[in-house]
Amino acid sequence: MNQTCIRDVSKHVGQEVTIKGWLYNSRSSGKLMFPQIRDGSGIIQGVVFKKNVPERVWSDFEKLTQESSIIVRGNVRADERAPGGFELDVVDVEVVQIAEPFPITPKEHGVEFLMDNRHLWLRSKRQHAILSVRAEVIRAVRDFFDSNGFLLMDTPIFTPAACEGTTTLFEVDYFEDAKAYLTQSGQLYNEATAAAFGKVYCFGPTFRAEKSKTRRHLTEFWMVEPEVAYAELNDVMDLAEQFLTFIVQRVLENRRKELAELERDTSKLEKIAPPFPRLQYDDAVKMLQEAHDKGELEARFEWGGDFGAPDETYLSSQFDRPVMVHRYPTAVKAFYMKPDPERPELAMCVDVLASEGYGEVIGGGQRADDLEYLLKQIHAHGLPEESFDWYLDLRKYGTFPHGGFGMGIERCTTWLCGIEHIRETIPFPRMLYRLKP
RNA sequence: UCCUGAGUAGCUCAACGGUAGAGCAUCCGGCUGUUAACCGGAGGGUUGUAGGUUCGAAUCCUACCUCAGGAGCCA
């Protein structure tokens with residue numbers, strides 16, 4: 001295909017190129033026109049002088065509407081007056097289609113309208129930037145694990161039972177009489193694969209049926225979960241710290257332009273490097289209580305509960321890099337968390353709160369490896385023992401200390417982009433009351 | 001599920017008890033360096049739905065629907 005990507009035009013200065021794309025916007029002054037041409041890799045400004053092109057080319061350009069599909073031939077020239085620094089002196093155009101009036105005009109729009117037109121909204125510069133950062137995050141995730149001795153172990157999406165309680169699961173019919181649930185975590189399966197392969201990770205879609213309606217929730221999101229045999233809580237924290245740092249560095253390296261488009265203050269991201277502050281739950285509670293006493297937090301936090309969104313926001317805004325809060329009360333955490341041998345009322349778990357008030361991006365810890373303790377926990381949480389028979393086998397046949405964590409791709413992307421709402425970090429968000437497009 | 005707010009032209013908003021209006025988009029005209037270009041003109045409405053109050057309702061009242069923001073829960 002004879003075609004040049006707009007991304008690569010800087011390599012073709014002085015040459016004639018063919019660009020296949022769409023009209024992003026156009027400005028004209030009588031006998032001079034400046035069509036902005038978009039091809040998915042970038043945007044370039046064209047220049048059409050009426051007297052320099054055949055009559056047909058001029059009249060074709062006059063008819064184009066926003067997002068009409070076109071194939072443009074022209075000469076590349078560097079020009080300071082053009083956004084992006086390069087211009088295309090147009091020689092010829094082939095009109096593929098004159099688009100119907102495009103709903104998303106260059107002026108501002110409301111959230112509902114944009115979400116209803118998500119399939120068209122994706123063509124905007126802003127969505128282009130955000131979703132490019134998302135792709136970079138995912139590439140970094142894979143590269144990090146693949147080059148550090150981890151093996152990809154895809155875990156099932158249909159699962160037979162809840163891993164942490166059925167209220168948050170989507171239920172589907174699974175042939176005759178059986179019910180299946182869409183996965184909310186691959187972790188239990190990865191404890192099995194970790195016993196087989198040592199260091200593993202799974203990466204795939206995750207489903208939560210909670211009726212959460214906030215800027216940090218999706219009902220369908222992508223989660224990456226490493227699991228490491230013989231890892232203890234400190235090893236899990238070391239891993240989380242290296243992993244997040246790697247992702248941030250990669251995005252800074254490869255997606256500067258996109259971050260600039262989003263007006264992201266990258267100086268905050270540049271500070272991110274190990275070691276991350278490690279804060280015991282006990283000490284975090286003290287910080288929250290002091291904040292309340294100083295009038296910086298409305299509700300007084302009492303020891304024993306899980307942090308609410310305002311608490312997380314406060315804690316993460318106190319540090320210039322992500323903070324790792326560890327050893328929460330066992331009572332507020334999942335049944336499979338290992339209790340601290342020195343203080344059994346605390347779980348060997350860790351939440352990583354992203355900086356700048358973005359809240360939890362990673363949750364994980366060390367898993368309970370003792371059969372008796374796990375049985376007790378399963379009963380205490382009112383879970384059906386028979387659903388977990390295979391999981392309990394892992395504690396009968398060569399039990400071992402191990403741990404890992406899960407990171408939400410979209411929460412991480414929201415933070416790195418510095419944007420308000422998670423819904424823009426996945427091409428087609430699934431949220432409470434939104435299943436279309 | 002609960003709390004708060006909002007639904008008026010294709011879109012973003014104004015009019016707050018007395019003749020429904022502007023910008024953008026669309027169409028027509030003008031402009032040889034535009035930067036969400038600009039200037040002139042035209043078309044475009046069952047004011048979310050159903051009731052009610054009133055001489056008169058986009059405006060006040062009631063119910064419902066939809067959306068947004070937040071809470072709880074979580075990655």
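Lettering follows sequence order; numbering is per chain, from 1.
Each of B/G33, B/A75, B/G69 was ranked by its minimum atom distance to the side chain of A/Arg81; first place goes to B/G33. Of the listed nucleotides (B/G72, B/U1, B/U34), B/G72 has the atom at the smallest distance from the side chain of A/Thr214. When the nucleotides B/A75, B/G33, B/G69 are ranked by their closest atom to the side chain of A/Lys213, B/G69 comes out on top. Between B/A75, B/C27, B/U34, one nucleotide has an atom nearer to the side chain of A/Arg411 than all others, and that is B/A75. In the set B/C74, B/G69, B/U1, the nucleotide with an atom closest to the side chain of A/Arg215 is B/G69. The listed nucleotides are B/A75, B/A71, B/U26; the one nearest the side chain of A/Pro101 is B/U26. When the nucleotides B/G33, B/C67, B/U1 are ranked by their closest atom to the side chain of A/Glu112, B/C67 comes out on top. Listed nucleotides B/C74, B/G70, B/G33 differ in distance to A/Glu312; the shortest reach to its side chain belongs to B/C74. For A/Phe34, the side-chain atoms get nearest to B/U34 when compared with the rest of B/G72, B/C74, B/U34. In this structure, of B/U1, B/G33, B/C74, it is B/U1 that holds the atom nearest to the side chain of A/Leu432.
Nucleotides B/A20 and B/G29 are separated by 33 Å at their P atoms, to the nearest Å. Separation of the P atoms belonging to B/G17 and B/U59 is 11 Å when rounded to the nearest angstrom. Annotation: B/U54 and B/C2 have their C1' atoms spaced 36 Å apart (nearest Å). Comparing B/A71 with B/A15, their C1' atoms are spaced 35 Å from each other, to the whole Å. Nucleotides B/G18 and B/A6 have their C1' atoms positioned 26 Å apart, rounded to a whole Å. As rounded to the nearest Å, B/U4 and B/A14 have P atoms that lie 22 Å from one another. B/G44 and B/G10 are spaced 12 Å apart, taking the P atom of each and rounding to whole Å. Between B/U47 and B/C60, the two P atoms lie 16 Å apart (nearest whole Å).
When the P atom of B/U1 is taken as reference, atom CD of A/Glu210 falls 15 Å away, rounded to whole Å. Distance CD1 (A/Ile98) to C1' (B/C27): 14 Å, rounded to an integer number of Å. Following rounding to the nearest Å, A/Ile422 (CD1) and B/G69 (P) show an atom-to-atom distance of 13 Å. In this structure, A/Asp311 places its CG atom 14 Å from C1' of B/C73, rounding to the nearest Å. Residue A/Phe207 contributes atom CZ, which lies 16 Å from atom C1' of B/C74 at whole-angstrom precision. A/Met33 places its CE atom 15 Å from the C1' atom of B/C38, with the value rounded to the nearest Å. One interatomic measurement links the two molecules: CD of A/Gln187 to P of B/C74, which rounds to 14 Å at whole-angstrom precision.
Although no hydrogens or angles enter the test, the distance criterion places no donor-acceptor pair under 3.5 Å between the side chain of A/Gln187 and the main chain of A/Phe405. A/Thr413 contributes no side-chain N or O that, together with a main-chain N or O of A/Thr425, makes up a donor-acceptor pair within less than 3.5 Å. Formation of a donor-acceptor pair under 3.5 Å by the A/Asp146 side chain with backbone atoms of A/Asp143 is not found in this model. Side-chain atoms of A/Glu241 come within 3.5 Å of backbone N or O of A/Phe276 as a donor-acceptor pair.
In a base pair of the Watson-Crick type (N1 to N3 plus N6-O4 or O6-N4) or a G-U wobble (N1-O2 and O6-N3), with each distance short of 3.5 Å, B/C73 is matched with no nucleotide. For B/G43, there is no paired base (Watson-Crick or G-U wobble, both distances below 3.5 Å). Summarising the base pairing, B/C11 is matched to B/G23 through a Watson-Crick or G-U wobble pair whose two defining distances lie under 3.5 Å. Across all strands shown, B/U66 pairs with B/A6; the Watson-Crick or G-U wobble distances both stay below 3.5 Å. Using N1 to N3 plus N6-O4 or O6-N4 for Watson-Crick, or N1-O2 and O6-N3 for G-U wobble, each under 3.5 Å, B/A36 pairs with nothing. If you check B/G18 for Watson-Crick or wobble pairing at under 3.5 angstrom, you find it paired to B/C55.
Contacts of A/Met223 with the nucleic acid, taken as non-hydrogen atoms under 4.0 Å apart, involve only primed sugar atoms and P, OP1 or OP2. Within 4.0 Å (heavy atoms only), A/Gly308 reaches sugar-phosphate atoms of the nucleic acid but no base atom. Looking at heavy-atom distances under 4.0 Å, A/Gln36 makes no contact with the nucleic acid at all. Backbone-only contact: A/Asp306 has heavy atoms under 4.0 Å from sugar-phosphate atoms and none from a base.
When all heavy atoms of A/Glu424 and A/Leu131 are compared, the pair lying nearest together is O-CD2, 3.9 Å. The shortest heavy-atom contact between A/Ser68 and A/Ala99 is OG-N, 2.8 Å.
By the 30° and 60° cut-offs, the orientation of the rings of A/Phe307 relative to A/Tyr281 is parallel.
We find that A/Glu220 and A/Arg208 are not joined by a salt bridge, their nearest charged nitrogen and carboxylate oxygen being 4.0 Å or further apart. Salt bridge status for A/Asp351 with A/Lys333: present, with a side-chain N to carboxylate O gap under 4.0 Å. We find that A/Arg434 and A/Asp116 are joined by a salt bridge, their nearest charged nitrogen and carboxylate oxygen being less than 4.0 Å apart.
Contact between the side-chain N/O atoms of A/Lys50 and the OP1/OP2 oxygens of B/U32 is not found at any separation under 4.0 Å. Taking 4.0 angstrom as the limit, A/Arg423 places a side-chain polar atom (N or O) nearer than this to OP1 or OP2 of B/G69. An OP1 or OP2 oxygen of B/G72 is reached within less than 4.0 angstrom by no side-chain nitrogen or oxygen of A/His217.
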Show the distances under 3.5 angstrom between N or O atoms of the protein and N or O atoms of nucleotides 3-10 of chain B.
none

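In this structure, the aromatic ring of A/Phe221 is positioned over the six-membered ring of the base of B/A75, centres within 5.5 Å and planes within 30°.
Comparing A/Leu218 and A/Ser28 along RNA chain B, the residue whose closest nucleotide (by nearest heavy atom) sits nearer the 5' end is A/Ser28.
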Practice item. Would you please test A/Arg134 and A/Glu410 for salt bridge (Lys or Arg N to Asp or Glu O under 4.0 Å) and show each step? Key: CA-CA 7 Å; A/Arg134 173 196 172 89; A/Glu410 291 79 12; 2.8 Å; yes
